[in-house]
2 protein chains.
Amino acid sequence: MIIVERHEKILALLEKRQQASVSELSALLLVSPATIRRDLADLENLGQVTRVHGGAVLSEQYASQMHEQTINEKQSLHQEEKRVIAQQAALQVRGGETIYLDAGTTTACLIPLLAQVVPKVTVVTNSVNHAAKLADLSVAVMVIGGSVKLATNAVIGSNAVQQIQQLQFDRSFLGINGVTAEAGLTTPDMEEAAMKRAVMAQSRKNYVLADASKIGAVNFVKVNDVNEAVLVTNQTDQSELEAIRKQTQVIISEA
Amino acid sequence: MIIVERHEKILALLEKRQQASVSELSALLLVSPATIRRDLADLENLGQVTRVHGGAVLSEQYASQMHEQTINEKQSLHQEEKRVIAQQAALQVRGGETIYLDAGTTTACLIPLLAQVVPKVTVVTNSVNHAAKLADLSVAVMVIGGSVKLATNAVIGSNAVQQIQQLQFDRSFLGINGVTAEAGLTTPDMEEAAMKRAVMAQSRKNYVLADASKIGAVNFVKVNDVNEAVLVTNQTDQSELEAIRKQTQVIISEA
DNA sequence: ATTTTTTTGTTTGATTATGATTATATGTGA
DNA sequence: TCACATATAATCATAATCAAACAAAAAAAT
């Protein structure tokens, strides 16, 4: 892990929680307390955090900056990208089917489309956010039980995998962090990978939703080979995509 | 937990409650009374609280600042009613405990209080809405899995009851539709009643949150006798309440 | 491949925070 | 008022945290 990456993670946590202790950060980022202190000293020199005994708090000015940024990020261009991908995915679903909807922002875009377009669909999901939205839109929904991962609001873990293995889906719609013809479908989290893998095994047909930034990216853990799922993306002009197309069906959204 | 974090929690509690005792804060935040006194001395030097014998109250100027914020948060009158009930309930929770939070709008009011005031609490819930909100506020949360009832966004059913039976809670906080000394705790839905009953069996202490309109009301299905739970309400002047008080503890919120 | 630079973890002593103890002060009820 | 219980302040020992210096490891440059 590179320094700037660690700094970003520290700021991200601070942004979410206002304050963080050295020991907490040390355990979370798998580095020594001394390194965390150096990081915090650096960030303090940049005016981004204020150090206190035991840890650090977000500096006043940075806190206000962040607030504006996150508001802007909510309406980012990425969002439009994800919406058109979700549209293509929604067209695959037939009325009356039972589908699995993975946690994530891309799959979230599928929710209003499913509610409006597909009659009598039943949705199983590991995201408490998705479950709440779907229920609000009167879509039959089942949630996987277990501990909720705070970063993504998704339920993961061995218990969740066991529940998945007792279910059968007509289709699954999964988010992914990296797709290449060689490395396959990859994510940074082992637990999440295990979850996705379990879902794919129980589903008649799988769809991976990935915007252009994911194509050609490789992450830590492999979920599955590319040919195990249909790729839904908005990428149009890249050699990597051609290599993937030799292994599996690719649905490209035009926008 | 770092000092500033504790200071914030003390202020958050005072903001909700106007005053707090040293022993109360000590138990809640899992530190010695001596540390709480030092904290209060610090906060007094900063002009944020005024110390009194046994504890502290919000300082005048800080209280007026806060007042403007609470005006913004003000919603419907019923909501205000539920909020003060939730305040009393939140004060029952000690740091580090595992609690069950029932689905419902009254219990929803507990969520921000838990997040702000109680450190290291773990919340188990059958509401996907609650789970999402809690996770957003960085509270450790576990969700019961199963079909989501569309009307309430709550997970119910025999499978959910089975999951509950494998867990143990320090405290449970339940919504209810009717409370009388004779008919006990009642709701209109059999599945929900079974769920609440299962939770009460697994919890060391149970709290039923019921606003004035629920006192004296009788619904279709009985969940339990009144004496199985502490009643938290805002009702003050009714004979029914006196009859209930003979059977169980009643916490009345003053507002 | 070797040197240089950067980054990291460890050690040390100093600083700070915490909890226990004790003596004093405050509030409460007879 | 007096006794009694509880709260507080002050003190101390212990534990946690910190900063600085150093050594080891990793990365970059030669």
Side-chain angles (χ1 to χ4, degrees), chain A residues 1-14 16-60 62 188 217-220, chain B residues 1-14 16-60 62 91-97 116-121 138 254:
Chain A
M1 163 143 43
I2 198 167
I3 297 182
V4 285
E5 188 181 353
R6 204 172 51 229
H7 285 189
E8 276 177 21
K9 283 182 194 289
I10 291 173
L11 285 175
L13 191 76
L14 246 45
K16 188 167 184 179
R17 301 230 296 241
Q18 253 65 4
Q19 73 265 312
S21 69
V22 170
S23 56
E24 202 174 14
L25 291 168
S26 170
L28 188 67
L29 302 174
L30 304 174
V31 293
S32 71
T35 301
I36 294 295
R37 292 201 184 89
R38 277 187 276 252
D39 287 341
L40 294 178
D42 292 345
L43 291 170
E44 186 169 46
N45 285 333
L46 294 172
Q48 301 187 296
V49 309
T50 305
R51 288 228 280 161
V52 296
H53 191 93
V57 298
L58 209 55
S59 77
E60 299 297 334
Y62 189 81
V218 178
N219 279 264
F220 183 47
Chain B
M1 165 148 49
I2 62 181
I3 297 180
V4 287
E5 194 177 350
R6 206 172 50 227
H7 285 187
E8 275 182 20
K9 285 184 191 297
I10 290 173
L11 285 175
L13 187 72
L14 280 170
K16 303 294 172 197
R17 232 241 162 160
Q18 263 67 25
Q19 86 251 358
S21 71
V22 171
S23 57
E24 205 172 18
L25 291 168
S26 170
L28 181 67
L29 302 173
L30 307 173
V31 293
S32 71
T35 301
I36 294 295
R37 292 202 181 89
R38 278 187 274 249
D39 287 341
L40 294 178
D42 292 345
L43 290 170
E44 186 168 44
N45 285 333
L46 293 172
Q48 301 188 293
V49 308
T50 305
R51 295 185 67 189
V52 295
H53 192 89
V57 298
L58 264 189
S59 77
E60 296 298 331
Y62 191 82
L91 292 173
Q92 309 300 315
V93 185
R94 298 281 167 263
E97 291 186 337
Q116 282 173 30
V117 176
V118 187
K120 290 183 186 166
V121 66
S138 298
E254 303 153 16

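In what follows, chains are A, B, ... by sequence order, proteins preceding strands, each numbered from 1. What you see is a predicted model; the values in this text were computed from it and never measured. The figures that follow rest on heavy atoms only: side chains count, while hydrogens, waters and symmetry mates do not.
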> Would you please name every residue forming a side-chain hydrogen bond (donor to acceptor under 3.5 Å, both in side chains) with Ser32(B), sequence neighbours left out?
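In terms of side-chain hydrogen bond (donor to acceptor under 3.5 Å, both in side chains), with neighbours along the sequence ignored, Ser32(B) is linked to Thr35(B).
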> Quick one: how far along DNA chain D does chain B reach, first to last nucleotide 5' to 3', anything under 4.0 Å to a heavy atom?
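Footprint of chain B along DNA chain D, 5' to 3': dA7(D) to dA9(D).
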> Can you list the residues that meet the side-chain hydrogen bond (donor to acceptor under 3.5 Å, both in side chains) rule with Ser23(B), with sequence neighbours excluded?
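Listed in chain order: Ser21(B).
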> When rounded to the nearest 0.5 angstrom, what is the spacing between CD in Glu24(B) and CD1 in Ile10(B)?
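These two atoms lie 11.5 Å from each other.
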> Only pairs at least two apart or in different chains count here, so list each salt bridge (charged side-chain N to carboxylate O under 4.0 Å, His left out) that has a residue in residues 33-57 of chain B.
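Counting only pairs at least two positions apart or across chains, the salt bridge (charged side-chain N to carboxylate O under 4.0 Å, His left out) contacts touching residues 33-57 of chain B are Arg6(B)-Asp39(B).
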> Show the distances under 3.5 angstrom between N or O atoms of the protein and N or O atoms of nucleotides 16-19 of chain C.
unit_1  : atom_1 : unit_2   : atom_2 : d
dT18(C) : OP1    : Arg6(B)  : NH1    : 2.8
dT18(C) : OP1    : Arg6(B)  : NH2    : 3.2
dT18(C) : OP2    : Arg6(B)  : NH2    : 3.1
dG19(C) : OP2    : Ser32(B) : N      : 2.9
dG19(C) : OP2    : Ser32(B) : OG     : 2.8
dG19(C) : OP2    : Thr35(B) : OG1    : 2.3
dG19(C) : N7     : Arg38(B) : NH2    : 2.7
dG19(C) : O6     : Arg38(B) : NH1    : 3.4

> Is the closest side-chain heavy-atom distance between Gln18(A) and Leu58(A) below 4.5 Å?
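Answer no - side chains too far apart.
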> Using side chain to side chain contact (heavy atoms under 4.5 Å, CB included) as the criterion, list what pairs up with Lys9(A), not counting sequence neighbours.
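Result, side chain to side chain contact (heavy atoms under 4.5 Å, CB included) vs Lys9(A): Met1(A), Glu5(A), Leu29(A).
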> Given atom CZ of Arg37(B) and atom C1' of dA25(C), what is their separation to the nearest angstrom?
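One finds 12 Å between C1' of dA25(C) and CZ of Arg37(B), rounded.
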> How about Val117(B) and Leu91(B): do any of their side-chain heavy atoms sit closer than 4.5 Å?
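With C-beta onward as the side chain, the pair stays apart.
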> Are Leu28(B) and Val118(B) side-chain neighbours, meaning at least one heavy-atom pair lies under 4.5 Å?
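The answer is yes; the side chains approach within 4.5 Å.
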